[in-house]
Amino acid sequence: MAKSVEEQVEDIFKGELKKLKVKYFTKTEPINPSIDNALKKGPSKANKDGGNFPDIKVFLETQNQRRIPVMIEVKGLKNKLIKLDKSKNIDQSTAAVTGYAVNGAVHYAKVVLQHSDYEEVIAVGLNGYKKPDGSLETEFQAFYLSRNNELYPKLLDDVTDFSLFKETNLEHLVDLLDKVNLSEEELEKLKKEAESSLEKSIQKIHQSLYDDVILKPLLNTDQKLYLFCGLIMAALPIKDVANLTPADLKGNKSARNNDGLTLYTRIEEFLKDRGTSDEKRQIILNLLGNIFNNSTLYSPTNGESKLRNLYTQVLNDIIPHFNSNLHLDFTGKIFNKLSEWANISTDLVNDVVLTPRYVTNLMAQLAQTSKDSYVLDSAMGSAGFLVSALEIMLQDAKDSISDQEALQEKIKKIKSEQICGVEILDTIFMLAVMNMVLVGDGSSNLQHSDSLRNPINFPATVFLLNPPYSADGKGFNFVEQALSKMQKGFACVLIQESAGAGNGGGVSKKDIKEKFSGCKYQDACRFIFRESFSADSYLSL
């Protein structure tokens, strides 16, 4: 069996840094409190507590005070530079990050980005091995990770050694980094992978709830939804307030001082920090109160409460998905995964169907959503359509408004005035509010109401809908009502031909043609049929 030459490799590259007069930090040597705390707080390579210790660390600082941490990991055996997963991404499994240089360096880089305020990090993998003739072969590979690129590691082809880390070469290095951007294909791939990973994490945690003989009969599906979402909000950062750690959950048995109250108070502070209105904040807190005040959840077993155990899982497996700007339908994913296990208690006719993100994106695009649109969904579910529309509107604003002050004003207006959603079911309305809060808070115009009995006064120019087809009128009444109030713009409606098996019967293209043929809205309405989701599959009436 080959013997590792890791120490020799490390010495060689440290020597190169010395020649270039680039200061480096050893495994246990501190850099600064922000980076040191991030490495300490983040899960280790073995996904345990105990901190992170890159083999070498470098801190680059340009004349313009651009500061870039560099995390370096060293290995000393053949074929230990990098390992890719089946999707050709840098594998971040425990075995990969502990066994391969690049994988470990990328892990450290992500920890710094996720647990500090740094915007960018370079990850470098170094490897070496003895060749048959006894000489030492070394390998070097560098990747760039940034918040702008959603922490996606981009290979730096031009960085093949440490020469660009030299002080006189830093401006050239920065120029290279500024040209590193995600392609549309990479961005879409990231979204799909994030959704898949999020669903797996949700299912893993739910499985632990399902297998727990005490919790399984204690929580129904609605309560699991509330618990999941509450734990997520408790784990997210609050301005000027330290993050809540599992160690802060002490397992006290007191009714006035316990883990449930600690989490509940944290959730309340989170909602205030996000600017959630008093009314909506109270709706969420009322639904969460009974869950987090449950003594079975907050009382300790062998020194640890159920809440602490679940919070730790959420912190490690779910929260990393929220440290991005991918605008995923978070609560919709939670809803869909949990609904695979049991019917939602309020879903008496099994008519709650949450629309996949790629469909909501397509429909928002077909309705020509832009930064100036006013978007309405009168049966919004978990607000998946509004999440997609919000993403398009914000991106359009960023692409077309160069003045930063004007851009921020427009973003504020989009979130507070230009999107509107209505939902009648308590459980689903709460999901929608939390969804919009979690993606940046566009919850101002979300309403808990019956949109058919209480028509919405909103100047919609975009109408998006996946209606409940088992309701009276086969869902067409939602469409007719919205179109009758629109003065301009476009509507896009999802038709599920297999839906409506309840009160309303089936829905067909013939039904739609008979209903809307000759009406004054026919040129502005698009119907997407469930049988096909391609861009050319809609029926224009």
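All residue numbers in this chain count up from 1 along the given sequence. Since this is a predicted model, take the numbers as computed values, not measurements.
A donor-acceptor pair is defined here as one N or O able to donate and one able to accept, closer than 3.5 Å; such a pair exists between the side chain of T276 and the backbone of L271. Side-chain N or O atoms of T265 include none that pairs as donor or acceptor with a backbone N or O of T262 at under 3.5 Å. Side chain of N37 to main chain of P33: a donor-acceptor pair is present (N/O by atom type, distance under 3.5 Å, no hydrogens or angles). Without hydrogens or angle criteria, S254 side chain to R256 main chain gives a donor-acceptor distance under 3.5 Å. Under a 3.5 Å cut-off, the side chain of K371 and the backbone N or O of I411 do not form any donor-acceptor pair. At least one donor-acceptor pair closer than 3.5 Å links the side chain of R266 to the backbone N or O of A234. When atom types are taken as modelled, the side chain of Q141 and the backbone of V124 share no donor-acceptor pair closer than 3.5 angstrom. When atom types are taken as modelled, the side chain of S388 and the backbone of F385 share no donor-acceptor pair closer than 3.5 angstrom. Judged purely by atom type and a 3.5 angstrom limit, R147 uses its side chain to pair as donor or acceptor with the backbone of Y118. Between the side chain of D396 and the main chain of I392, no donor-acceptor pair closer than 3.5 Å is present.
No side-chain heavy atom of K253 sits less than 4.5 Å from a side-chain heavy atom of N258. Inter-residue side-chain proximity for E304 and L249 is flagged as unmet; no heavy-atom pair is nearer than 4.5 Å. By the 4.5 Å heavy-atom criterion applied to side chains, L263 and L244 are counted as neighbours. In this structure, L394 and K415 have side chains that are in contact, with non-hydrogen atoms separated by less than 4.5 Å. Y264 has its side chain within reach of L285: a pair of non-hydrogen atoms, C-beta onward, lies under 4.5 Å apart. You'll find the side chain of L173 stays beyond 4.5 Å of the side chain of T62, heavy atoms only. Residues Y129 and L77 are not in side-chain contact: their nearest non-hydrogen atoms beyond the backbone lie 4.5 Å or more apart. When side chains are defined from C-beta on, E61 does not count as touching I68, because their heavy atoms never get closer than 4.5 Å.
Applying the side chain to side chain contact (heavy atoms under 4.5 Å, CB included) test between L227 and each of N294, L307, I232, V314 identifies L307 as the sole match. Paired with E73 under the rule salt bridge (Lys or Arg N to Asp or Glu O under 4.0 Å), one option of K80, K45, K27 passes, and it is K45.
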Item to complete: Quick one: do E417 and K412 satisfy salt bridge (charged side-chain N to carboxylate O under 4.0 Å, His left out)? Show the steps, please.
Response: CA-CA 8 Å; E417 299 179 21; K412 182 179 179 181; over 6 Å; no

Worksheet item: What's the verdict on side-chain contact (heavy atoms from CB on, under 4.5 Å) for D36 and I31, showing C-alpha distance, side-chain angles and the deciding distance?
Response: CA-CA 6 Å; D36 299 338; I31 298 181; 4.1 Å; yes

Fill in: Candidate pair K75 and L81, rule side-chain contact (heavy atoms from CB on, under 4.5 Å), full reasoning
CA-CA 7 Å; K75 296 298 175 187; L81 178 64; over 6 Å; no

Worksheet item: So I267 and F292, side-chain contact (heavy atoms from CB on, under 4.5 Å) or not? Walk me through it.
Response: CA-CA 11 Å; I267 294 165; F292 287 92; 4.0 Å; yes

Item to complete: Decide side-chain contact (heavy atoms from CB on, under 4.5 Å) for T369 and V375; before the verdict, give the C-alpha distance in whole Å, the side-chain angles of both, and the deciding distance to 0.1 Å.
Response: CA-CA 8 Å; T369 306; V375 182; 4.1 Å; yes

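Across every non-hydrogen atom of S208 and L310, the tightest pair is OG-CD2, 4.3 Å. Summarising the geometry of H107 relative to N52, their closest heavy-atom pair is NE2-OD1, 2.9 Å, with the distance given to 0.1 Å. In terms of heavy-atom proximity, P69 sits nearest to E120 at CD-O, 3.3 Å. Minimum interatomic distance between V111 and A38 (heavy atoms only, all atoms of both residues): CG1-O, 3.2 Å. Nearest heavy-atom pair, S116 versus S34, reported as atom, atom and distance to 0.1 Å: CB-OG, 3.5 Å. The two residues L446 and K280 come nearest to each other via the heavy atoms O-CE, 2.9 Å.
Under the side chain to side chain donor-acceptor pair (under 3.5 Å) criterion, D259 pairs with S305, not counting sequence neighbours. Listed by chain and residue number, D212 satisfy the side chain to side chain donor-acceptor pair (under 3.5 Å) test with K306 (two or more places apart in sequence, or in another chain). Among residues two or more places apart in sequence or in another chain, the ring-ring contact (aromatic ring centres under 6.0 Å, His included) test is passed with F140 by F162. Looking at residues two or more places apart in sequence or on another chain, you find a side chain to side chain contact (heavy atoms under 4.5 Å, CB included) between I90 and I82, L84, Q92, V102, N103, V106, F143, P153. Residues satisfying the side chain to side chain donor-acceptor pair (under 3.5 Å) test with Q223, not counting sequence neighbours, are none. Residues passing the salt bridge (charged side-chain N to carboxylate O under 4.0 Å, His left out) test with E268: none are found, sequence neighbours excluded. Residues satisfying the salt bridge (charged side-chain N to carboxylate O under 4.0 Å, His left out) test with D372, not counting sequence neighbours, are K410.
Taking CD1 from I122 and CD1 from I72, the interatomic distance works out to 9.5 Å, rounded to the nearest 0.5 Å. One finds the OG atom of S44 at 9.5 Å from the CZ atom of F53 (value rounded to the nearest 0.5 Å). In this structure, CG in L231 is found 10.5 Å from CD1 in I291, a value given to the nearest 0.5 Å. Here the OG-CD1 distance, from S277 to I283, works out to 7.5 Å after rounding to the nearest 0.5 Å.
For the residue pair D91 / S93, a side-chain donor-acceptor distance below 3.5 Å is found, with atom types taken as modelled. For the residue pair Q365 / N361, no side-chain donor-acceptor distance below 3.5 Å is found, with atom types taken as modelled. Counting only N and O atoms by type, the side chains of Q207 and D211 include a donor and acceptor under 3.5 Å apart.
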Name the atoms and distances for all side-chain donor-acceptor pairs under 3.5 Å in residues 1-13, with sequence neighbours left out.
| residue | atom | partner | partner atom | Å |
| --- | --- | --- | --- | --- |
| S4 | OG | E6 | N | 3.2 |
| E10 | OE2 | K14 | NZ | 2.9 |

Please report, to 0.1 Å, the donor-acceptor pairs under 3.5 Å made by any side chain of residues 18-26, with sequence neighbours excluded.
| residue | atom | partner | partner atom | Å |
| --- | --- | --- | --- | --- |
| T26 | OG1 | E29 | OE1 | 3.4 |

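Residue pairs meeting the side chain to side chain donor-acceptor pair (under 3.5 Å) criterion with at least one member in residues 228-251, sequence neighbours excluded, are T245-D248. The stretch residues 124-140 participates, sequence neighbours left out, in these salt bridge (Lys or Arg N to Asp or Glu O under 4.0 Å) pairs: K131-E137. Within the structure, side chain to side chain donor-acceptor pair (under 3.5 Å) contacts touching residues 162-177 (residues at least two apart or in different chains) are D161-S163.
Salt bridge D178/R66: present, at least one basic N to carboxylate O contact under 4.0 Å.
Annotation: K78, atom NZ; neighbour count of heavy atoms from other residues, nucleotides and ligands within 6.0 Å does not exceed 12.
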